[in-house]
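In what follows, a structure is listed as structure tokens, so that the remarks can point back to it.
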Amino acid sequence: MKSHALVPRSASFRPETLGQNAVQLIGNLCFSLFVLGVLAFTIIAATYQPEDPLLHPSTKLSSFLTSTSNATFRSDDSAAHTGDDFLSPNSTSDSSAAITLSHINSSTKTSQVAVDSAAAVGDEATDSSTSAVCADGPIDCTDTEVFHSMMRAAIEMFRNIHFYRFGKPARGGEDGKSCDMAWRFRPEEAKRAGFYKDYRRFDIVRYANCTYSVVKVGEYHSGINARKKRKTTQGGDFKAKDAADSLSGMVLPVIGEAVNDTLPVVESESKFSSGKYLIYTGGGDRCKSMNHYLWSFLCALGEAQYLNRTLVMDLSICLNSMYSSSNQDEEGKDFRFYFDFEHLRDSASVLDQLQFWEDWSKWQKKNKLRLYLVEDFKITPLKLAEVKDSLIMRKFGTVEPDNYWYRVCEGETESVILRPWNLIWKSRRLMDIVASIASRLNWDYDAVHVVRGEKAKNTQLWPNLAADTSPDALLSGIRNKIDDGRNLYVATDEPDTTFFDPLKERYTTHFLNDFRDLWDENSEWYLETMKLNNGVPVEFDGYMRVEVDTEVSLRAKKHIETFNDLTNDCKDGINTCRKAS
Ligand SMILES: *[C@@H]1O[C@H](CO)[C@@H](O)[C@H](O)[C@H]1NC(C)=O
Ligand SMILES: *[C@@H]1O[C@H](CO)[C@@H](O)[C@H](O)[C@H]1NC(C)=O
Ligand SMILES: *[C@@H]1O[C@H](CO)[C@@H](O)[C@H](O)[C@H]1NC(C)=O
Ligand SMILES: *[C@@H]1O[C@H](CO)[C@@H](O)[C@H](O)[C@H]1NC(C)=O
Ligand SMILES: *[C@@H]1O[C@H](CO)[C@@H](O)[C@H](O)[C@H]1NC(C)=O
Ligand SMILES: *[C@@H]1O[C@H](CO)[C@@H](O)[C@H](O)[C@H]1NC(C)=O
């Protein structure tokens, strides 16, 4: 699966090889799979059901979230919902903007495509569309004819995506026989909001009669010379962002763009000293589930926004043992491993606490900056609105559950502090792994989510789960929903993927571990997260696995869930099924 040959689309993906790789990998991975299995993290609840409030536009969202605000968090090992889940996929369905073959066939429109794209995704530097000189030597990637054949090849080859903009091609390999080109796309029937960026290498031949033909298109993100670092944006200023990220005022993620999530710095002493800050310290939230973390963090962020203060945050997260391979809570994880800090930094006022305390100790005395300490969560944000001191510090005690940060946002506060979900998106580095997997499957696959693990063993709470997710039951459960011969992505916490071998009779199966090259030592993810982590390699942990597995499933054309679809057992154990609305 190194590259796609430019032949009709079905041939660009070779299921047989993947199947073999899978078998090989399973052998190699037996031990690590076993370890993971013992952990029994459950891959979860990619709840794609029509009645799910999470699929409704954000207006309905707040009422849904408010209603759960008092819930104590079950030890829930699912992927936490984030703001990007709540963006309506419709917000990106501006189909009139998609570029089609007919645009490219008509030369006037083509130059329009090119001009648009130069501003958007491509390399702006070169703009000398020389007329074709039919000579030997390297292919001139700036030639319009070359550009046209590349665009045409891309549109013909990738039938399951819509193209939005093409970037001007850049030089490809050293041999002068290839060009790199970037484009923005979204899958045909997008289930999630946002755009994706791809850039690939095109091998090109030039015929004696001066025409060009694309003979091969490289794999996802192979066209590294067409990759461009985004222009930097000023914090908090949406308008500075590329207009296409935002339709009708809504800012949308662009997966596959380079990430710049460096920590914000305060420019000057006077800026720092005139600032107003809020910090939360202590409390019992640390090392809880990711859902709990977000619920608490968003309360703090909501309060900071309400008070017009900068939130001083701790970017170091503790990963709960249910997601760690050591089976222990693990300190020292970076917020940026899991969430999109660039988006947060650019849309809200936040500072990292290490930087903050450094500046504070430098300038506090000199500028008489005052600290206002709050030790009782029952002191509401409303009561703090009048406080003029530079820093409000909420200190939380040692007795659970009164020391949870989210207690601040309960009661009368609930109607005042709105948790700013729109500020929290999933890590785009993780989402890029999701997009890589979906691209390898040509954005044309179905998915089944099979929860087994500890739940299948617990017949008290889940009496039918084990039987209902056995290979035979699975086969009969999905055979009239998913056509024979399809690519089937199996998201599961079942460590032994050979367990699913019977599915191979009908489907080409794929598992997360088939794609482990996307996070192994040679991957971009590995190098980038290592850089964030002061040069220490970062483990692709259980939470990341659940996250990626869930998101890949959600992008499938057809998606079958364990609960509701395969079994009548309830997700959280016997008699816990939510009433269908
Ligand atoms: C929320 O929790 C508090 C304290 O645990 C309780 O007194 C209150 O009734 C709960 N509210 C709702 C709506 O369940
Ligand atoms: C989204 O689009 C679908 C079909 O295009 C339509 O049925 C649905 O009402 C739209 N939803 C929203 C929230 O606009
Ligand atoms: C575009 O032109 C090609 C030949 O150059 C032709 O095969 C194709 O049908 C045309 N497509 C459209 C939509 O006009
Ligand atoms: C140019 O040559 C190629 C290969 O010989 C051929 O396929 C193509 O049709 C020719 N194009 C024109 C416009 O003559
Ligand atoms: C990353 O973003 C920050 C803040 O917007 C900016 O100061 C910095 O120059 C950017 N770095 C790169 C490499 O673009
Ligand atoms: C925060 O700023 C907004 C707009 O500047 C203002 O309307 C609001 O009263 C301020 N809130 C507080 C708590 O100071």
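Both counts, for ligands and for their atoms, begin at 1 and track the order of listing. This chain uses plain numbering: 1 for the first residue, then up along the sequence. Just so it is clear, the structure is predicted and the values come from calculations on it, not from any experiment.
In the model, Asp359 has no side-chain atom that pairs as donor or acceptor with a side-chain atom of Gln364 under 3.5 Å. Looking at Asp285 and Ser296, their side chains do bring a donor and an acceptor atom within 3.5 Å of each other.
Here the shortest heavy-atom distance to atom 12 (C) of ligand 5, taken over Asp346, Leu263, Asn260, belongs to Asn260.
Here is the list of ligand 6 atoms found below 4.0 Å of a heavy atom in Tyr306: 11 (N), 12 (C), 13 (C). Set against the non-hydrogen atoms of Asn308, the atoms of ligand 6 under 4.0 Å away are 1 (C), 2 (O), 3 (C), 8 (C), 10 (C), 11 (N), 12 (C), 14 (O). With ligand atoms numbered from 1 in the order given, ligand 5 contributes 1 (C), 2 (O), 3 (C) to contacts under 4.0 Å with heavy atoms of Thr262.
Looking only at heavy atoms of the protein, atom 10 (C) of ligand 4 is closest to Asn209 ND2, 2.5 Å. Among protein heavy atoms, atom 13 (C) of ligand 4 sits closest to Thr211 CG2, 4.1 Å.
Distance remark: protein heavy atom not present below 4.0 angstrom from atom 7 (O) of ligand 6. For atom 4 (C) of ligand 6, the protein comes within 4.0 Å by no heavy atom at all.
Counting non-hydrogen atoms of other residues, nucleotides and ligands closer than 6.0 Å to NZ of Lys276 gives a total above 12. In this structure, Lys531 places its NZ atom where only 12 or fewer heavy-atom neighbours from other residues, nucleotides or ligands lie under 6.0 Å away.
Checking each of Phe337, Phe341, Phe335 against Phe339 for a ring pair (Phe, Tyr, Trp, His ring centres under 6.0 Å) leaves exactly one that passes, namely Phe335.
Under a 4.0 Å heavy-atom criterion, Glu342 is not in contact with ligand 5.
Judged by distance alone, with hydrogens and angles left aside, the side-chain atoms of Arg309 form no donor-acceptor pair with the main-chain N or O of Gly275 at under 3.5 Å.
A cation-pi arrangement is not found for Arg394 relative to Trp405, the charged atom failing to lie both closer than 6.0 Å to the ring centre and inside a 45° cone about the ring normal.
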